[in-house]
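Keep in mind that this is a model prediction, so the values were computed, not measured.
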Number of protein chains: 2
Amino acid sequence: MARTVKGGSDARRERWKGHREARRAEFVEATIRAVAKHGPDVGMDEIALEAGVSKPVLYRHFADKSDLYLAVGRRGTDMLMDRLGPAIEQDGPIRDRIRGIVDAYLRVIEENPNLYRFVVRGSFTDRPVEQDVVTEDKALIAATLARLLGDYLRAFDMDSGGAEPWAHALVGMVQNAGDWWLDRQSMSRQSLSEYLATIIWHAIDGLLRSADVHVDPDQPLPGGLFTEPTLRLINSEEA
Amino acid sequence: MARTVKGGSDARRERWKGHREARRAEFVEATIRAVAKHGPDVGMDEIALEAGVSKPVLYRHFADKSDLYLAVGRRGTDMLMDRLGPAIEQDGPIRDRIRGIVDAYLRVIEENPNLYRFVVRGSFTDRPVEQDVVTEDKALIAATLARLLGDYLRAFDMDSGGAEPWAHALVGMVQNAGDWWLDRQSMSRQSLSEYLATIIWHAIDGLLRSADVHVDPDQPLPGGLFTEPTLRLINSEEA
DNA sequence: AAGTAACCGTTACCTTAAGTAACACTTATT
DNA sequence: AATAAGTGTTACTTAAGGTAACGGTTACTT
């Protein structure tokens, strides 16, 4: 009986699993190259050409344009998180760590300005909001920061209601300052990191002071705070 | 001689000046309605239909889609600046004024969420960056804040090099927190304003403290600072 | 060895939405 | 009366995303 089709684990079906992934990655790379060449408004034809295939091949691997762009975005996410993760987990004086995190972010966008602009500015009109990589990333980072801040505040018996808005505020702050800097690089990356770290530190310090907690910015934090597992990037469950 | 054509001030040419403006405004309104109805991906046909005309009429008043959207954006700019201007110029304790400015912004996006999302998210892929209303607005507000902050810092003989990045940081901060809040309104506008004002105040206060300047957040500023003409929104020269 | 499930790849087409051409009518100024 | 502005229409062109239909290759299954 030809019952092989239904449900059976035909090896022919599995055979390609890895390959498909590799191919997608290959097309994502091609897209990035195409964007570098033709600017952010590349067409699918040009991307296909750059990849050395014709359009339908592309469409076998990506449902549509946004799907491809989404993959490009995720690729950017990976690059970002690979840098941000370690920067967040690093120990040392709190002031330096803030600067380290900010600087890690700025380094990523400095090294990939085209990709960055493409992913951020190109954010797809047609996809539902939850499928927007930039929104996703910001939400992920903000959630991590919110948890961090919240724990921090609660450890000092302070109201932690502000943790979430503050986290989003911090994310927006760094992003927007980064955008501005990327467009007209009128100061060194180090200076900007320093300036941003300064203002962030003052904000945090101010919150603590208002509860009469005094922290030395140049000393590592006591009691394992800021180095707990919660500080790692919270895993978002994705399909 | 039929020399009336060239350069002469034929009244027939002037006759419509006002009318054209009115018509553009009318179409901008129609676009906003159409967006409310059909979501941010409206087509020109639908917009034309909503305006009660057919497409070519639209194209007599707007060079292309982005031109129309740009006009919609500027309309948003006006609404925003109308609120932000007075909020910035208001006097009173500095802490309250910060909250007032933030709250003015939040009120605008709260009252026009659809328009806001359309203008911000829809930001045109095809126009050059300088024609992006959102970027323009943010730059304008940031420039105003930068000048404000710079004057402030210089008045206390402090390094004012951070004024510009800080200004952009503040703008991004409020915008991003606002976006987050708009999507899931998990707290009252007042609470958010308060939280944001708190962190901003702490940031500023921290900067001043680091130069041994102590300011009472609940007292009006001395010496006319923060109420000078520079505080008004800087005029951007537009074509 | 034959069949087949997955892929590779192409050309030529469909569809949608932005934008335009060509045409006819209105109104107040010259 | 001529004309410069504007009003408006239908029917078209164009560009870009996306698809249909075709044929070939590889290696697992029977």
Side-chain angles (χ1 to χ4, degrees), chain A residues 1-27 30-31 34-35 38-70 72 122 124-127, chain B residues 1-27 30-31 34-35 38-70 72 122 124-127:
Chain A
M1 298 288 162
R3 279 292 293 275
T4 43
V5 176
K6 206 168 188 177
S9 64
D10 192 325
R12 279 172 294 189
R13 206 175 302 154
E14 305 303 303
R15 221 183 99 211
W16 299 97
K17 280 277 156 72
H19 182 50
R20 283 193 66 84
E21 277 310 300
R23 212 77 214 285
R24 274 178 71 99
E26 183 190 328
F27 290 138
T31 305
V35 167
H38 307 287
D41 294 339
V42 228
M44 292 300 266
D45 299 275
E46 288 160 306
I47 294 173
L49 190 70
E50 177 69 40
V53 298
S54 72
K55 246 193 322 180
V57 177
L58 222 49
Y59 280 98
R60 288 225 188 82
H61 294 273
F62 299 93
D64 55 14
K65 194 181 168 149
S66 331
D67 189 26
L68 172 57
Y69 284 15
L70 203 65
V72 172
F124 334 100
T125 13
D126 46 346
R127 287 259 159 188
Chain B
M1 299 288 164
R3 279 294 292 275
T4 43
V5 177
K6 205 168 188 175
S9 64
D10 192 324
R12 280 172 294 189
R13 206 174 302 155
E14 305 303 304
R15 222 183 98 212
W16 299 97
K17 279 278 156 71
H19 183 48
R20 283 194 64 87
E21 276 310 301
R23 212 77 214 285
R24 274 177 71 100
E26 186 189 328
F27 290 139
T31 305
V35 167
H38 307 287
D41 293 339
V42 227
M44 292 299 267
D45 299 276
E46 288 161 304
I47 294 174
L49 190 71
E50 177 69 39
V53 299
S54 72
K55 241 189 330 175
V57 177
L58 223 49
Y59 280 98
R60 290 227 188 79
H61 294 272
F62 299 93
D64 55 15
K65 196 180 167 149
S66 330
D67 188 27
L68 172 58
Y69 284 15
L70 203 65
V72 172
F124 335 101
T125 13
D126 46 346
R127 286 258 160 189

Nearest of [options] to any side-chain atom of [X]?
X       : options               : result
A:Tyr59 : C:dA18, D:dG17, D:dT9 : D:dG17
A:Arg60 : D:dG17, D:dT9, D:dA21 : D:dA21
B:Arg23 : D:dG8, D:dT19, D:dA21 : D:dG8
A:Val53 : D:dT9, C:dG9, C:dA18  : C:dG9
B:Val57 : D:dG8, C:dT10, D:dT10 : D:dG8

Mapping A:Pro56 and B:Pro56 onto DNA chain D by nearest heavy atom, which one lands closer to the 5' end?
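Going by which nucleotide is closer to the 5' end, it is B:Pro56.
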
Starting from C1' on C:dT15, measure out to CG on B:Asp45 and report it in whole angstrom.
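It is 14 Å, rounded to the nearest whole Å.
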
Roughly, in whole Å, what's the span from CG in B:Leu58 to C1' in C:dT20?
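To the nearest whole Å, that distance equals 14 Å.
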
With a cut-off of less than 4.0 Å, is there a side-chain N or O of [X] near OP1 or OP2 of [N]?
X       : N      : value
A:His61 : C:dC7  : no
A:Arg20 : C:dC8  : no
A:Ser54 : C:dT10 : yes

Do [X] and [Y] have side-chain heavy atoms sitting under 4.5 Å apart?
X       : Y       : value
A:Phe27 : A:Val57 : yes
A:Val42 : A:Glu50 : no
B:Glu26 : B:Val53 : no

Nearest 0.5 angstrom please: A:Ile47 CD1 to A:Met44 CE, how far?
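Those atoms lie 5.5 Å apart.
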
Could you check whether the side chain of B:Lys65 and the base of C:dG19 have a donor-acceptor pair of N or O atoms closer than 3.5 Å, going by distance alone?
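Answer is no: no donor-acceptor pair is held.
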
